[in-house]
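Some notes on the structure that comes next.
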Amino acid sequence: MWDQIREHYKSVRGRSMAGLFDVSKRPERFSVTFGDLLFDFSKTNLDTEGLWLLFQLVEQYKLTEKRARMFRGDPINETEGRAVLHTALRNLDGGPVHVDGEDVMPNVRETLARMGDFAESVRDGSFKGAGGQITDVVNIGIGGSDLGPAMATLALSPYHDGPRCHFVSNVDPAHICDTLRGLDPTTTLVIVASKTFTTIETMTNAATARAWVGEAVNEPSAQFVALSSAAEKTADFGIPPERVFGFEDWVGGRYSLWGPIGLSLMIAIGREAFHAFLRGAQSMDNHFRAADARDSMPVLLALVGIWHHQICGYPTRAVLPYDQRLSRLPAYLQQLEMESNGKSVVMDGSPLGCAAGPIVWGEPGTNGQHAFYQLIHQGKAVVPCEFMVAARGHDPDLAHQHNLLIANCLAQSEALMKGRSRKEALDLVRGKGVAEDDEARQASHRVFPGNRPSTTLIYPKLTPDVLGQIIALYEHRVFVEGVLLGINSFDQWGVELGKELATALGPIVDGSKDAPSQDTSTGVLVNYVHRHGVR
Ligand code: F6P
């Protein structure tokens, strides 16, 4: 089927996307709604036949069966022998979910209730630091233990009525120093978020934070919380069980926002709003489980992704939220998509026959317009753009400003598709004081090739419920793309080698061990550090 889709692409490559709108009802036929969300993919080169062929791929790779295996807790993460059940964390009104014959839901509910009680006690001041009510929360974690809560906490800032939340991830001391500067250690709660509780960056920052609290507080661990699946290690760190919120190995790091890793978000917005966030995600899960592929928003989002990356060969995709509060979303999606699907072998270990995992990048609009959109419009590389925008913002008094934001978003997708022809560019320069013999040259700089694909996800307002839907939508997209590629989207072996080498290089950089050979690129760099750094 892959070959047939590629053949189809060859036959339609380069045709006018705008011309596709001659077919009646294209905007309706090449868009999908779920609840209040609208995903429009009509401004792409996909046509009915292309979409039909992609649906054959969905059948061929048995998506329905694999989806059922994920939701029912089969160990689909085969290289780690684990189930993949982040959906259980938001299965608020659902039935039992079994892993190895045991229903995991009672534990999920109990942990969620404990999180809620704790979050509320921090918010209402009944949980106190040495100096009284908690004013600031510092979440220390990295990757999935940082990006999810950091992204969502910013996204939902209009709902904040709890203490201020800060996020420290980088082992670069600048990050923790800059964050702690100005905070009061006696009223700061430190959350150490690490599934494994071994991640070097997190454990190093946690030790630094403990020393910082310890300078002002007799019993620093009383202001520490752990979010982890490694109960023994959290005990070794000195955090008592009542302040440890655990989760199981069937929750992958980059899928962990919905459970204990979301505690900082819950403290910021409160239990009720956090539950609304989970409910939004659960509604997307229900849609994904029940809808036919043709009406499924996650499936269609995935098929557009496959079309652009694996079929058209566009190496990247830009995520462009016209929503300043989603400014951490591109980084979040980088981990979700690139750590999940940046693979080169299929499940049985044989090489993957095509590219996997586009490079995901982006920035909020309108900022990006004044930075990299030049390349998107006139550069040689085609970058499929994924626009996102809310129909309304949170500030009714500034509705005119929000509408300007929307106009910019919609204008960009239109400009990408329509472009500007040479004739239009010539008309533009004529009569503008340009010498007649220079008109052609000047016009060529003002030509936009157009015919560049984009999609738009539009939602009513960025509420907890809507954010839950959007994040679950992207999670399921990653799953569908992984299924169609035949890869394991739930392991991340590619991050291991760098970690091992960093561990080996640590004592060499600090001078406690000799470099094995100075006659290498790394040796030269280490020498430089020894000359200029601090040992
Ligand atoms: O290095 C990759 C990774 O394992 C991610 O998958 C994960 O989200 C991150 O590190 C943090 O891991 P942990 O929560 O165990 O500290």
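When a ligand or atom number is given, it counts from 1 through the structure's own listing order. All figures in this text were calculated on a predicted structure; none of them were measured in a lab. Note that the numbering runs from 1 along the sequence shown for the chain.
- Below 30°, between 30° and 60°, or above 60°: for F490 and Y255 the angle between ring planes is between 30° and 60°, a tilted geometry.
- Partners of D178 by side chain to side chain donor-acceptor pair (under 3.5 Å), not counting sequence neighbours, listed by chain and number: R181.
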request  = Using the side-chain contact (heavy atoms from CB on, under 4.5 Å) rule, take F245 and T234 through it: C-alpha gap first, then chi angles, then the decisive distance, then the call.
outcome  = CA-CA 10 Å; F245 298 90; T234 57; over 6 Å; no

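- Side-chain contact between T503 and L501 is absent, with no heavy atoms from C-beta onward closer than 4.5 Å.
- Relative orientation of the F71 and H476 rings is tilted, given thresholds of 30° and 60° on the angle between their planes.
- Protein residues are said to neighbour a ligand when one of their heavy atoms lies under 4.0 Å from it; for ligand 1 these are I142, G143, G144, S145, S194, K195, T196, T199, G253, Q335, E339, Q492, V495, K499.
- In this structure, the side chains of F277 and M266 stay at 4.5 Å or more apart for every pair of heavy atoms.
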